[in-house]
Amino acid sequence: MRDYKEYSVPELHLKAVIADITQLDCECIVNAANKTLLGGGGVDGAIHRAAGPQLVEECRTLNGCRTGEAKLTKGYRLKADYVIHTVGPVYGTPDAEKKLKDCYRNSLELARTHEIHSIAFPMISTGVYGYPRSEAAPAAFSAVRLWHQEHREYPMEILFCCFDEESFELLAGYMQQMKTEL
Ligand code: ADP
């Protein structure tokens with residue numbers, strides 16, 4: 001295990017941390033929501049509690065969200081200005097990996113259309129949706145990496161906000177590998 005809880009590749013504007021996403025000071029945090037967008041457990045519940053009741057009021061106006069898609073709200077009492085709500089796939093459902101990657105890609109695209117330049121992701125689908133961390137982390141990393149490569153002209157700081165050692169170690173490992181290839 002590494003003796004620090006942060007790993008970054010500054011040249012690529014990528015970072016992994018172990019942290020509570022509700023406490024982050026970045027422009028936008030991503031919520032691993034459910035299709036109703038009306039709140040739930042895990043990171044979703046934590047974000048709604050920290051943002052306050054206005055968040056669910058705005059979410060009510062959005063008519064839910066399909067798996068793999070993303071919708072934006074304000075951040076209300078959070079330090080983050082915005083929350084992007086995306087719905088991860090349940091592990092084992094058809095096209096789960098593609099849909100998990102779509103969550104990252106669509107969240108990044110939505111952030112870009114709102115001229116957001118810093119975004120933090122939780123490890124989508126690795127809680128109640130049952131995705132093994134060992135499969136979710138490489139999918140997350142490759143989706144983010146691909147998006148970055150396709151948008152080199154657009155400055156975007158991307159943070160993987162892990163809540164467990166295993167995800168952090170996996171992501172830090174991929175980033176370390178990437179550093180050696182620079
Ligand atoms: P899903 O339904 O997409 O599986 P969960 O909220 O159940 O979503 O879990 C997604 C991930 O978010 C899990 O790895 C969980 O440990 C993590 N998580 C839970 N609370 C927080 C938090 N406050 N900050 C960051 N990550 C969190």
Side-chain angles (χ1 to χ4, degrees), residues 1 4-8 14-52 55-56 59 62 64-73 75-108 110-111 118-144 157-174:
M1 193 174 85
Y4 48 85
K5 296 291 171 275
E6 180 176 314
Y7 189 84
S8 64
L14 271 181
K15 198 189 264 192
V17 293
I18 296 185
D20 176 351
I21 202 164
T22 66
Q23 301 305 311
L24 295 181
D25 196 0
C26 60
E27 268 183 274
C28 172
I29 64 170
V30 175
N31 181 16
N34 59 46
K35 286 184 191 166
T36 67
L37 297 186
L38 298 181
V43 72
D44 193 8
I47 289 173
H48 275 274
R49 277 192 299 278
L55 181 60
V56 79
C59 284
L62 298 177
C65 183
R66 292 201 195 96
T67 305
E69 294 185 356
K71 295 199 174 174
L72 179 129
T73 65
Y76 299 99
R77 292 185 200 153
L78 295 166
K79 287 183 199 145
D81 299 325
Y82 300 100
V83 180
I84 288 179
H85 307 261
T86 188
V87 181
V90 174
Y91 185 64
T93 54
D95 296 327
E97 185 178 331
K98 182 191 172 292
K99 287 181 180 160
L100 183 57
K101 289 180 175 174
D102 285 347
C103 288
Y104 288 89
R105 166 172 288 272
N106 288 328
S107 297
L108 287 162
L110 187 58
S118 68
I119 186 166
F121 286 99
M123 296 313 295
I124 299 164
S125 287
T126 64
V128 291
Y129 285 1
Y131 234 98
R133 302 182 198 291
S134 58
E135 291 182 43
F141 189 75
S142 72
V144 163
E157 299 286 337
I158 302 177
L159 182 69
F160 292 105
C161 182
C162 303
F163 214 48
D164 63 278
E165 298 280 347
E166 187 186 349
S167 300
F168 175 79
E169 290 297 326
L170 286 163
L171 288 160
Y174 302 139

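Every number for a ligand or one of its atoms is a count from 1 in the order of the listing.
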Salt bridge (charged side-chain N to carboxylate O under 4.0 Å, His left out) contacts touching residues 130-144 (sequence neighbours left out): Arg133-Asp164
Of all residues at least two apart in sequence or in a different chain, which pass the ring pair (Phe, Tyr, Trp, His ring centres under 6.0 Å) check with Tyr174? Phe141
Residues that Val56 engages under side-chain contact (heavy atoms from CB on, under 4.5 Å), provided they are two or more places apart: Leu38, His48, Arg60
Can you give me the closest heavy-atom contact between Cys65 and Ala70, atom names plus distance? SG-N, 3.9 Å
Using a 3.5 Å distance criterion without hydrogens, assess whether the side chain of Lys79 forms a donor-acceptor pair with backbone atoms of Gln23. yes
Measure the acute angle between the ring planes of Phe160 and Tyr104, then classify it against the limits of 30° and 60° as parallel, tilted or perpendicular. tilted
Tabulation required: pairs of a nitrogen or oxygen in ligand 1 and a protein nitrogen or oxygen under 3.5 Å; columns are atom names and distance to 0.1 Å; otherwise 'none'.
| from | atom 1 | to | atom 2 | distance (Å) |
| --- | --- | --- | --- | --- |
| ligand 1 | 3 (O) | Ser125 | N | 2.8 |
| ligand 1 | 4 (O) | Gly127 | N | 2.8 |
| ligand 1 | 4 (O) | Val128 | N | 3.3 |
| ligand 1 | 4 (O) | Tyr129 | N | 3.1 |
| ligand 1 | 6 (O) | Val43 | N | 2.8 |
| ligand 1 | 7 (O) | Val128 | N | 2.9 |
| ligand 1 | 9 (O) | Gly127 | N | 3.4 |
| ligand 1 | 14 (O) | Thr126 | OG1 | 2.5 |
| ligand 1 | 14 (O) | Arg133 | NH1 | 3.3 |
| ligand 1 | 23 (N) | Asp20 | OD1 | 2.9 |
| ligand 1 | 24 (N) | Ile21 | N | 2.9 |

